[in-house]
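Worksheet for the structure shown next.
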Amino acid sequence: MIAKSERTGFAAGAALLALAAFLPAIDTGYWLSLGVTIVMYTVLATSWALFSGPTRYISLATAAFFGVGMYVVGGGIGLLPYPVLILVAAVAGAILSALIGLSTLRLSGVYFVIFTLGLTELVRELVAWGQTTLGSSSGLYVLTDVTEKMIYWILLGLAAFVFLIGWWIRRSRIGFALRIIGDDEVVAAHSGIDTARAKIVLFVVSGTIASVTGAILAPRWTYVEPIIAFSPMISFQVVIMALLGGVHRLWGPLVGVIPFALVWDVISAQFPNQTTLLLGVAFLLIVYAIPNGFVGLIEQALARVRAGR
Amino acid sequence: MDIIVTGLLLGGTYALIAVGLQLQYGVARIMNLANGEVLVAGAFGAFWLYTGSALTPYLSIFVTAPLAFALNWAIYRYLMLPLVRRAKSHGQLEVDSILSTFGLSFVFVGIMVAVFGGEYFSYSYLARAVQFMGEPYGFNRMVAFAVSAALCAVLYLWLNRSRAGLSIRAVAVNPAAASLVAINVPAVSTFAFALGGAITAAGGASLSTFLTFDASVGVIFTMKALIIVIMGGVAEVRGSILAAFILGLAETAVATWIDPGLTLAAAYLLFMLILLFRPQGLFGRRT
C-alpha cells in the first residue's frame with residue numbers, strides 16, 4: 001500500500017533527480033563542481049539524519065567514515081579497479097561503524113558526541129602517524145581517469161538510493177522502534193524493543209553510506225592527506241545542514257543543504273579567514289532562531305494557511 | 001623517573017583546567033564545549049600582558065580571570081538559561097546546549113584568529129633548567145605546577161569549608177532537593193559556571209608559560225578536560241585530580257617512548273577505555 005502523499009513524493013523525487021542529472025550537460029566547470037558538493041552533502045546529511053534524527057544522538061563521526069572511504073580508494077587505486085574499491089570502502093565503513101556502534105551502546109548524550117569527535121581525531125592521528133612512519137610522504141596520489149561528471153552521476157545514484165532506504169526504514173518496524181527510542185528510551189526498552197540492535201543497525205547504515213561517499217569522491221582530490229580526508233569541518237557542516245533543514249522529515253536535510261551550500265560557497269570565497277566564526281554563528285542561529293529547521297518553518301506556515309482558510 | 005616527574009608536573013595544570021570544567025558540568029549541568037577557548041583566551045591574555053607590559057604571567061590572572069568570570073556569567077545567564085527554560089526534556093537540553101556551546105567555541109576561535117592571527121605563540125618566562133633528584137627540569141613547569149596546585153587547594157578548601165561552597169555542592173548533588181532547602185539554584189548554577197570559566201582562564205595563563213599555543217588549540221584542551229572529568233567521575237573533585245595526573249603521565253610516556261605526535265591519540269584511547277569499561281568514572285558510584 002502506498003499512500004497518495006507518498007506517490008506525490010516519489011513523483012517529485014524522480015522529477016528532481018531527472019532534472020539534476022542534466023546539470024553536466026549545461027555546465028562542466030563551476031556549477032558542476034558546486035553540484036557535486038551539494039549532492040555529496042545531501043547524501044551525507046540525509047544518511048546522518050536517518051540515525052540522528054529519530055534517536056537524537058548527535059554523531060560527529062561522519063568525517064571518520066568519509067576519510068576511511070577516501071583512504072581505501074587512495075591506497076588501493078593502483079591495485080584494484082575503482083568500482084571494486086567503492087565496495088571495499090562500503091565493507092570497511094560497515095565494519096568500523098559496527099565496532100563503534102557496539103562499543104558506544106551504553107553512552108548517551110554528550111558522551112556520545114565527544115566520543116565520536118574524539119574518534120575522528122584518533123583515526124586521523126593514527127593514519128597520519130602510520131603514513132609518516134611506514135611510507136615516505138604525508139599523502140597519497142589518486143590518479144584515475146574518473147571525471148567529475150562521472151562522480152556527479154554516481155553520487156546522484158547514491159542519493160536516490162539513500163532516499164529509498166530512508167523511505168523503507170520509516171515504514172519498517174525498525175524505523176518505528178527508533179522513533180520510540182528517540183521519544184523515551186526507557187519506554188522503548190520496556191515495550192520489548194531491542195534498543196541496542198536498532199541503534200547499531202541504523203548507525204551502520206549511516207556510517208557505510210558516509211564511507212562510500214568518501215570513496216566515490218576520492219578521485220576529485222588528486223592528492224589525499226589526512227587533514228583533508230578527516231577534516232572535522234565535514235562532520236560539523238553535515239550536522240549544521242541537516243539541522244538547518246530539519247531532521248524529522250526525510251526530505252528535511254535536502255532543504256537545508258541546498259541553501260547552505262550555495263551561501264557557504266559565496267561566504268568562503270568572500271571571507272576565507274572568517275569561516276570558523278560564521279560556522280559558529282550558523283550553529284547559534286539554528287539553536288536560537290530556527291530550532292525545528294526550515295521544515296518546521298514551512299510546516300508552521302502551511303498550518304497557518306490552512307487555519308486561515 | 002624523568003617521565004614520572006614531567007608527567008606529574010603536566011598533570012598539575014591539567015587538574016586545574018579539569019576542575020574548571022567540572023564546576024560547569026557538575027554543578028550547572030551544561031557541557032560547555034567552549035571551555036577550551038576561554039583557556040586560550042587566558043593564555044593570550046598572559047602573552048599579551050607579558051610581552052606588552054612585562055607583567056608576570058601569573059599576575060595576569062588577576063586581570064583575565066575576572067573577565068572570564070564576567071563572560072561566562074553572561075553566557076550562562078543569557079544563552080544557557082533560556083535553553084534550560086525552553087527544554088521539554090533533559091535530552092533536548094543536552095542537544096541544544098551542545099550545539100550552542102559548539103557554536104560559541106567557533107565564534108571565539110574566529111574572533112581570536114581575527115585579532116591575533118593564525119600563527120603559533122609562545123614566550124620565554126623562567127625558561128631555565130633546575131636540578132631535581134639529579135635530573136634537569138624546566139623551572140617554568142615547576143612554577144606552573146605549584147601555582148595550579150595552590151589554586152586547586154584553595155578551591156577545594158573553599159568548597160568544603162564555606163557556606164557558599166556547601167550550597168554549590170548541594171546543587172551538584174541534587175538541584176531539586178537543593179531548591180527545597182532555600183538554595184537559589186539558578187543563581188548558584190550561574191555562579192559556578194562563571195567561576196569555572198575564571199579557573200579555566202587561570203589554567204590557560206599557567207599553561208602559556210611553558211606550552212606553545214595558537215587560536216584554534218582550544219578544542220584539544222576541552223577534550224582533555226572532558227576526558228579527565230569523565231575519568232574521575234563527574235561529581236568528585238579528588239577523582240578529577242587523580243585522573244589529571246594519570247593523563248599527564250600517559251601523555252608524557254607516549255611522547256617519550258613512541259612518538260610525540262601520538263599524545264592526543266593516547267588521551268583518546270584512555271578515554272575510550274574508560275567509557276567502555278567504567279563509564280561512571282574511576283571513583284564514581286554506579287547509579
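A, B, ... follow the sequence lines: proteins, then strands. Residue 1 opens every chain. Worth saying up front: this structure is predicted, and the values here are computed from it rather than measured.
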Cut-off 3.5 Å, side chains only: do B:Tyr14 and B:Glu251 have a donor facing an acceptor?
yes

In this structure, are over 12 heavy atoms from other groups packed under 6.0 Å from A:Phe176 atom CZ?
no

Classify the side-chain pair B:Asn35/B:Thr222 by whether it contains a donor and acceptor separated by less than 3.5 Å.
no

Pair A:Phe236 and B:Phe106, ring centroids less than 6.0 Å apart:
yes

Heavy-atom closest pair (A:Ser52 atom, A:Ser59 atom, distance to 0.1 Å) is OG-N, 3.9 Å

Kindly indicate whether the side chain of A:Ile100, heavy atoms from C-beta on, has any atom under 4.5 Å from the side chain of A:Phe203.
yes

Suppose we screen for ring-ring contact (aromatic ring centres under 6.0 Å, His included). Which residues come up paired with B:Trp48, at least two apart in sequence or across chains?
none

Please classify the contact of A:Val239 with chain B as side chain, backbone, both or neither, using a heavy-atom distance under 4.5 Å.
side chain

Non-hydrogen contacts under 4.5 angstrom with chain A: give the residues of residues 76-86 of chain B involved, or none if there are none.
B:Leu79, B:Met80, B:Leu83, B:Arg86

Select one option (side chain, backbone, both, neither) describing which atoms of A:Leu243 are under 4.5 Å from chain B's heavy atoms.
side chain

Among B:Thr190, B:Ile30, B:Thr101, B:Leu104, find the one that has a side chain to side chain contact (heavy atoms under 4.5 Å, CB included) with B:Ile75.
B:Leu104

Quick one: what part of B:Leu33 sits under 4.5 Å from any heavy atom of chain A, side chain, backbone, both or neither?
side chain

What part of B:Leu226 is in contact with chain A, defined as an atom under 4.5 angstrom from a non-hydrogen atom: side chain, backbone, both or neither?
side chain

